[in-house]
Amino acid sequence: DVKVTQSSRYLVKRTGEKVFLECVQDMDHENMFWYRQDPGLGLRLIYFSYDVKMKEKGDIPEGYSVSREKKERFSLILESASTNQTSMYLCASSSATATNEKLFFGSGTQLSVL
Amino acid sequence: ILNVEQSPQSLHVQEGDSTNFTCSFPSSNFYALHWYRWETAKSPEALFVMTLNGDEKKKGRISATLNTKEGYSYLYIKGSQPEDSATYLCAPQDGNNRLAFGKGNQVVVIP
């Protein structure tokens, strides 16, 4: 069964902490994405990557950075967590070569910043 | 950022009834239209990816149509069952390979 695995389901951090959210996929997908979901809003794209060591800003990259050192792993980094980064974070991956590039999602990380 | 509108935002459906909802999106720079189902405490799962004007896709009791010229897609659920309760996300994909998600259609099927 293909999988996108996010390291934590729930996470509680303090303001100012550096936070790492990890995502691993086992489908050899080239594309990986980080979204956040907030009540009343659609999924918003934070960062994405089309290849190892490559990254592109999404629609709301401020306060975040990413790392893609290996093809299967895409990490989201909150350099100094703030309360407005409390949210559900979803990682997704897709194939660059499939005829329809549907996204495969992880189960999400609910992050609370106190 | 594409402006994606899904309506209605929330609906309650009696078990056995059929229902449908709408996704509207800008028709310019269109590449594909994705539908995902997101059940509580689970990951969003892809239902359909459609690219051609007039496309119609079906998966069990769920089907979708696409009008790329006027920028809308309909999702239909025939004979709703409690397991259809979920949020249905629409996401047009542009020519730069980016998806823009709507707020979703939250469906509650009442037994």
Side-chain angles (χ1 to χ4, degrees), chain A residues 1-7 9-10 23-27 29-51 54-62 87-110, chain B residues 1-10 21-26 30-52 55-59 62 64 66 68 73 86-106:
Chain A
D1 204 13
V2 294
K3 267 193 174 174
V4 178
T5 303
Q6 294 184 231
S7 52
R9 185 74 179 92
Y10 298 98
C23 175
V24 178
Q25 48 93 7
D26 63 1
M27 296 167 279
H29 281 168
E30 295 79 9
N31 307 330
M32 296 190 75
F33 308 84
W34 275 106
Y35 292 90
R36 64 178 280 178
Q37 166 75 58
D38 298 292
L41 299 176
L43 289 176
R44 292 183 291 167
L45 181 63
I46 305 170
Y47 265 98
F48 60 101
S49 169
Y50 290 148
D51 204 350
M54 177 271 178
K55 58 187 178 185
E56 290 283 345
K57 292 180 180 179
D59 299 317
I60 51 164
E62 296 78 20
S87 186
M88 167 68 81
Y89 290 87
L90 282 166
C91 174
S93 71
S94 69
S95 168
T97 56
T99 52
N100 74 56
E101 296 167 25
K102 64 181 179 181
L103 298 181
F104 292 83
F105 284 90
S107 53
T109 297
Q110 179 63 53
Chain B
I1 302 177
L2 293 179
N3 185 26
V4 183
E5 297 286 337
Q6 290 190 248
S7 62
Q9 270 196 304
S10 171
F21 29 91
T22 309
C23 172
S24 301
F25 53 89
F30 173 86
Y31 179 75
L33 193 284
H34 297 231
W35 279 102
Y36 293 85
R37 175 168 59 198
W38 194 0
E39 297 178 64
T40 304
K42 293 187 177 180
S43 312
E45 286 188 355
L47 284 171
F48 308 111
V49 180
M50 297 183 287
T51 55
L52 299 175
D55 240 357
E56 184 168 341
K57 295 213 170 181
K58 191 175 179 184
K59 187 175 185 177
I62 301 177
L66 176 65
T68 60
S73 175
T87 297
Y88 292 83
L89 302 175
C90 163
Q93 180 181 353
D94 66 17
N96 297 318
N97 207 25
R98 290 171 63 150
L99 275 69
F101 284 85
K103 295 178 185 178
N105 304 106
Q106 185 180 24

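Chain naming here is simple, since letters A, B, ... match the order of the sequence lines and numbering starts at 1 in each. These figures come from a predicted structure and were not determined experimentally. Just the heavy atoms: all of them, side chains too, but no hydrogens, waters or symmetry mates, feed the values below.
- For Leu103(A), the parts sitting under 4.5 Å from any heavy atom of chain B are the backbone and the side chain alike.
- Using modelled atom types and a 3.5 Å distance limit, the side chains of Ser94(A) and Glu101(A) yield no donor-acceptor pair.
- Of the possible donor and acceptor atoms, none in the side chain of Gln93(B) sits under 3.5 Å from a partner among the backbone N and O of Tyr31(B).
- Using modelled atom types, one side-chain atom of Gln6(B) and one backbone atom of Tyr88(B) make a donor-acceptor pair closer than 3.5 Å.
- Scanning for ring-ring contact (aromatic ring centres under 6.0 Å, His included) contacts around Tyr47(A) gives an empty result, with sequence neighbours left out.
- Between chain B and the options Arg9(A), Arg44(A), Glu56(A), Gln37(A), the largest number of non-hydrogen pairs under 4.5 Å is found for Gln37(A).
- Only the side chain of Tyr36(B) comes within less than 4.5 Å of a heavy atom in chain A; its backbone stays farther off.
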